[in-house]
Each structure stands twice: as C-alpha cells, then as structure tokens.
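Here the structure is laid out as structure tokens; the discussion comes afterwards.
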Amino acid sequence: MRMRVRSVLSTVRQSTSCSYHQHLNNSTSTAVISHRTIITDNTSYLPADIFKNTRRNISMFGPSGDGSVSETGPYAVSVYDIIQASKRTKDLTQDTPVLTCSTIDKLAGRKIHFKCELFQKSGAFKFRGALNAVRRILEENNGTPTSDLSVVTHSSGNHGQALSLAAQLCGVKCYVVMPTDAPVCKRTAVEGYGGLVIDCEPNEQARAEAADRVVRETGATLIHPNQHPDVIAGQGTMAIEIMNNIRNIDAIVAPVGGGGMIAGIALATKARKPAIQIFGAEPLNADDCARSYNAKELIKNSSPPKTVCDGLKTSLGEVTFPVIRDLLTDVITVTEEEIIDAMRLVWERMKLVIEPSSAVGVAAVLSEKFKSLPKDQLKNVAVILCGGNVDIDNLPWSSTTSQQK
C-alpha cells in the first residue's frame with residue numbers, strides 16, 4: 001500500500017513539534033507509520049519505516065549490520081528533517097545538473113557523475129542549508145515582522161554568501177563574521193547579498209568568539225555553517241536529487257570540512273539505498289576527518305591548516321562526526337598538488353569554473369587508493385562539485401600565486 005507523503009508528513013508533523021532551540025527531552029511524542037513505501041511529490045521513494053520513533057530534529061538512527069539506517073543513534077538530524085527541508089526550499093533552490101566527462105571516466109577507470117553545485121544559487125551547495133535554516137526561523141517566529149529578525153554566522157565565504165542571500169530573500173538581517181584571509185571575491189559577494197561583514201582573525205576560536213559577541217549584542221540567531229541541524233538537513237537534499245537523477249549509483253564522494261554536507265548526504269542516502277557507499281574527500285593538509293574516522297574519535301585540527309581549499313579549513317564538529325564515523329565507507333586524503341591538478345583538469349576539459357574545495361572530490365576518485373577499489377562494485381560514482389566561488393585573480397596554478405607561496 002502506498003500513501004502520498006503529504007498526508008504522512010502531516011501526521012508526523014502533528015505529533016513531532018519539538019524545536020531545535022528546545023531541549024530534546026521536551027518532546028516525547030512518536031509517529032509510527034506502518035506502510036512500507038511513501039511516494040514523495042517528485043515520485044522518489046523512501047522506506048516508511050525510517051519514520052518510526054523519530055522526534056523533531058533528533059533521529060534515533062545508526063548503522064546496522066547490513067549498512068542500513070536503524071534506530072541506534074542518536075544523530076541530530078532525521079530523514080524526516082531532510083524531506084521537510086526539500087519541501088521547504090524547493091521553490092528557490094536549483095535541482096543542479098549532473099554532468100559527465102569521458103576523459104575523466106578514462107582516468108578514473110569508471111563512470112563519474114558530477115553533481116554541479118557550482119550552479120546552485122550563491123555559487124555553492126551552502127544555499128540549501130542556509131535557506132532551510134532561515135525559513136525554519138520564520139516558521140518558529142510566525143507573526144513576528146521579518147525586519148525584527150536577524151541571523152549571524154561565521155564563514156570563510158560560501159556559507160556567508162548563502163546565508164546573506166537567504167536572509168535577503170526572506171527579509172531578515174544578516175551578520176557574517178569572516179576571517180581576514182577570506183577570498184576577496186567571497187567577501188564582495190557577501191556584501192552584495194546584503195550581509196554585514198565583521199572581520200576576525202583566521203582561526204576557529206576567533207570566528208566563534210566574534211559570532212557569539214554579535215549574538216549577545218544584537219540578539220541575532222546563530223546559524224552555524226556546518227553543525228546546525230537545519231543546515232545539515234538542507235544539505236542532505238542534494239542526495240535526494242542524486243538518487244532521483246542517476247540510475248544504479250554505487251557511491252557518492254563529497255569534500256569534507258566541517259562535515260555538514262556529507263552528514264546530510266549520508267543520512268538521506270543510507271535511509272533510502274543503504275548499499276550506496278559514501279566516501280569523504282579531504283586535503284591531506286587538513287585531514288582531521290580522516291584522522292577522526294580512523295581513530296573513531298573526534299580529533300580536531302590543532303592549528304589553522306595550510307591548504308588552497310579555504311572552504312575545507314574548518315574541523316569536524318560534535319554534531320557531524322557521529323554520522324561520519326558510522327555511515328562512511330572511508331575518507332580519502334589528497335595532496336595540494338593533486339587538488340590543483342584536478343581543478344585545472346575540470347576547468348580545461350569540462351569548462352566548469354570550480355573552486356579548489358570542489359576539486360578535492362575529483363582528486364579523490366583519481367587517486368591510486370580509490371582506483372584500486374573493485375570496479376565491478378563501484379561502476380557509477382557521483383562526485384559533488386560543491387562550489388564555484390573562486391578568486392579569478394588568484395588561481396592556484398598561476399605564476400603569481402606560485403611566487404607568493
């Protein structure tokens with residue numbers, strides 16, 4: 001028996017009203033759905049069992065022996081949250097294209113499908129999570145004039161741009177704390193979208209302290225770039241599109257910084273198609289995810305990493321690490337040279353203007369470690385090209401940049 005997801009989610013919504021800003025134990029209601037399959041508005045399928053014993057923004061899901069998602073979490077985001085995020089944001093987000101390149105297929109030894117988030121609004125996948133978070137705030141403050149609401153984040157650029165644009169579209173004020181070494185193009189874009197830029201030193205502690213100060217002084221709501229549940233849920237929507245648009249997908253490879261994107265992707269993917277493998281891709285110079293994954297404990301970067309990937313300098317957080325620890329197949333690290341070569345390859349052969357962080361996933365599937373994996377088990381691999389906000393005047397392969405290094 002099949003049921004339209006609209007009626008199912010209506011039932012779930014009535015019994016799961018806990019807000020992210022409330023204590024999780026304030027909501028104990030559960031929604032039990034006995035039907036095996038749900039049809040979403042875009043005719044994609046999700047097992048209804050994933051909704052059992054879920055709470056608003058808390059999922060009791062964890063890995064079972066067959067790699068599927070079972071009720072042994074907890075994780076901070078549920079598949080219900082991701083589906084709701086898709087419904088909440090679909091009018092403004094792009095269902096970005098999936099492209100292929102025969103040259104890269106030959107180099108990788110398998111079929112590579114590129115999910116082109118560089119074509120997302122604001123130039124990166126971050127708009128998905130930012131829009132979902134802002135609209136959740138509007139829902140929670142229904143009746144409050146949007147001009148009285150404000151948000152703040154800290155970001156090297158892409159999340160700051162995305163939140164500024166989402167806030168502008170929703171009529172909400174936005175503050176963005178940015179490190180002094182952030183790319184000029186990203187700072188300009190934040191200001192162009194109406195964000196108010198606040199400078200800070202280029203380290204995670206300074207970013208967090210500056211953002212907290214803005215919260216105290218303005219009353220703005222902090223939207224963390226990768227640990228906020230509504231942001232993670234928003235990023236997970238791209239996995240729904242990947243599974244809808246690519247047949248027989250065997251694996252998804254995504255760059256990792258704070259882990260918000262890959263956590264959302266892993267939760268959505270494993271709930272629907274647990275056999276799909278999820279790989280993280282990370283600069284060797286910023287390898288906290290790989291070290292944490294291998295040690296099975298959170299190990300943050302002890303100092304600001306030196307990498308061309310400005311978007312991947314942040315460490316994993318307490319919210320995203322459990323998902324990564326439990327649901328990923330592996331984390332592949334690549335050198336700065338491999339990242340730059342992959343970025344240039346995509347520019348030259350695919351004519352796509354990707355930023356260095358996007359090239360990390362490409363470099364990963366071209367690495368000897370990934371190419372050594374069984375090709376009969378990983379025939380079709382999706383790679384997330386996470387963004388295209390690049391400083392054209394400071395390309396990593398230019399002679400000027402090389403001299404600066």
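All residue numbers refer to positions in the sequence shown, counting from 1. Since we're looking at a predicted model, the values are computed, not measured.
Looking at residues two or more places apart in sequence or on another chain, you find a side-chain hydrogen bond (donor to acceptor under 3.5 Å, both in side chains) between Lys111 and Asp105. Taking Lys273 as the reference, nothing meets the side-chain hydrogen bond (donor to acceptor under 3.5 Å, both in side chains) condition, with sequence neighbours excluded. Residues satisfying the side chain to side chain contact (heavy atoms under 4.5 Å, CB included) criterion with Lys369, sequence neighbours excluded, are Asp330, Ile332, Ser367. Residues that satisfy the side chain to side chain contact (heavy atoms under 4.5 Å, CB included) test with Gln94, not counting sequence neighbours, are Thr96, Gln120, Lys121. For the side-chain hydrogen bond (donor to acceptor under 3.5 Å, both in side chains) test, no residue two or more places apart in sequence or in another chain qualifies with Ser292. Glu217 meets the salt bridge (charged side-chain N to carboxylate O under 4.0 Å, His left out) test with no other residue; sequence neighbours excluded. The side chain to side chain contact (heavy atoms under 4.5 Å, CB included) test applied to Leu92 returns Phe127, Leu131, Arg135, Leu169, not counting sequence neighbours. Scanning for side chain to side chain contact (heavy atoms under 4.5 Å, CB included) contacts around Glu297 gives Ala295, Ile299, with sequence neighbours left out. Applying the side-chain hydrogen bond (donor to acceptor under 3.5 Å, both in side chains) test to Arg187 and every residue at least two apart in sequence or in another chain returns Asp199. Taking the salt bridge (charged side-chain N to carboxylate O under 4.0 Å, His left out) definition, one finds that Lys379 meets it with nothing, sequence neighbours left out.
A salt bridge links Asp310 and Lys186; the closest N-O separation between the charged side-chain nitrogens and carboxylate oxygens is under 4.0 Å. In summary, Arg207 and Glu204 do not engage in a salt bridge, as defined by a charged side-chain N under 4.0 Å from a carboxylate O.
Put simply, the side chain of Glu282 gets close to the backbone of Cys289: a donor and an acceptor are under 3.5 Å apart. Side-chain atoms of Thr320 do not come within 3.5 Å of backbone N or O of Leu316 as any donor-acceptor pair.
In summary, the side chains of Thr180 and Glu201 do not present any donor paired with an acceptor at a separation below 3.5 Å, with no hydrogens or angles considered. Donor-acceptor pairing under 3.5 Å is lacking for the side chains of Asn248 and Asn380.
Every pair passing salt bridge (Lys or Arg N to Asp or Glu O under 4.0 Å) that includes a residue from residues 162-185 is listed here, sequence neighbours excluded: Asp181-Lys313. Within the structure, the ring pair (Phe, Tyr, Trp, His ring centres under 6.0 Å) test picks out no pair touching residues 316-341 (sequence neighbours left out).
Inter-residue side-chain proximity for Asn245 and Asp95 is flagged as met; some heavy-atom pair is nearer than 4.5 Å.
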